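Notes to accompany the following structure.
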Amino acid sequence: MSTGPRHILSLSGGKDSTALAIYMRDKVTEMEYVFCDTDKELKETYEYLNRIEAFLGKKIIRLNDNAGFDHWHKVFGGYLPAPNMRWCTKFLKLKPFEEFVGDDPVISYIGIRADEDRVGYISHKPNIKTVYPFKEDKIDLSGVIKILEDSGIGMPPYLKWGRTHSGCYFCFFQKPIEWVRLLENYPEDFEKAQAYEKISDEPGKTFTWIQGMPLNELRKSENIEKIKKRYDEIKERSRKNRKNKKLVEVLTEIDEEENESRACLICQL
Ligand code: SF4
């Protein structure tokens with residue numbers, strides 16, 4: 001039996017961790033691939049993971065906190081998670097990952113790219129050593145896209161309809177335009193997200209995914225129109241500033257959107 005460290009790569013369903021899994025497949029054959037499943041991901045993410053699994057020729061171990069999102073939602077008195085109160089990441093992603101790791105020495109592979117200066121919310125257990133192969137090997141966004149295309153797996157499906165990140169369908173890191181796109185593409189998921197919200201006259205008892213904009217308001221056609229108009233204006237401004245961008249960034253249109261919310265590496269890489 002090997003006495004060396006375990007090698008673990010946590011997939012999120014996002015492009016960078018997927019590309020890293022593909023990249024590492026033949027380099028570290030003893031790699032353990034895991035996915036921390038909140039059971040609230042998009043259906044297409046589960047399908048994408050199945051395809052990755054087939055390519056890797058190895059099981060992606062699904063880790064989950066047996067209690068689940070709804071349990072913790074109750075424990076937190078109906079408070080929805082938010083950027084400054086990320087109990088979902090803590091209990092549904094990091095905790096199952098750390099339990100799986102246990103006290104073994106582990107090398108954890110993180111898909112931060114060479115063209116990113118990204119820090120985030122990852123496990124800091126002392127027995128976990130994190131490594132960044134894309135940084136070490138100078139693989140940037142175009143390199144990641146090439147790895148995904150060459151493997152036949154391709155980019156994550158949610159990018160096609162304009163969502164920028166993997167993760168739960170109700171993730172609070174979504175921008176208003178992404179909520180609109182969720183409504184248009186996955187109305188049932190939007191309904192379920194809306195059902196978690198609570199509007200109350202009592203102070204401190206209103207819980208919404210976006211502060212000050214409950215989903216029952218956001219979905220009104222006049223608000224959708226405003227959100228789309230505002231998004232188009234931002235896009236247009238960004239198009240005008242395009243001269244400093246690399247072609248690949250322009251083509252994929254994912255750069256400036258993904259630059260904005262960089263907090264949950266385990267959910268969104
Ligand atoms: S994807 Fe978003 S909602 Fe889901 S666990 Fe991560 S931060 Fe929380």
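Hydrogens, waters and symmetry mates are skipped; everything else that's a heavy atom, side chains included, is used. Because the structure is predicted, anything quoted here is derived from the model rather than measured. For ligands, and for the atoms within them, numbers begin at 1 and follow the listed sequence.
- Judged purely by atom type and a 3.5 angstrom limit, Tyr196 has no side-chain atom pairing as donor or acceptor with the backbone of Thr208.
- Distances below 4.0 Å separate heavy atoms of Cys168 from the following atoms of ligand 1: 1 (S), 3 (S), 4 (Fe), 5 (S).
- Salt-bridge annotation for Asp104 and Arg6: present, with a side-chain N of the basic residue lying under 4.0 Å from a carboxylate O of the acidic one.
- The nearest N, O or S atom of Cys171 is not closer to atom 8 (Fe) of ligand 1 than 2.8 Å.
- Heavy atoms of Thr89 approach ligand 1 to within less than 4.0 angstrom.
- Between the side chains of Asp137 and Tyr23, at least one donor N or O sits under 3.5 Å from an acceptor N or O.
- Using a 4.0 Å cut-off to heavy atoms of Gly167, the atoms of ligand 1 that qualify are 1 (S).
- In this structure, Lys93 contributes its side chain and Cys36 its backbone to a donor-acceptor pair below 3.5 Å.
- Close approach of ligand 1 to Phe172 (heavy-atom distance below 4.0 Å) involves ligand atoms 3 (S), 7 (S), 8 (Fe).
- Checking each of Glu178, Gln194, Arg219 against Leu183 for a side chain to side chain contact (heavy atoms under 4.5 Å, CB included) leaves exactly one that passes, namely Arg219.
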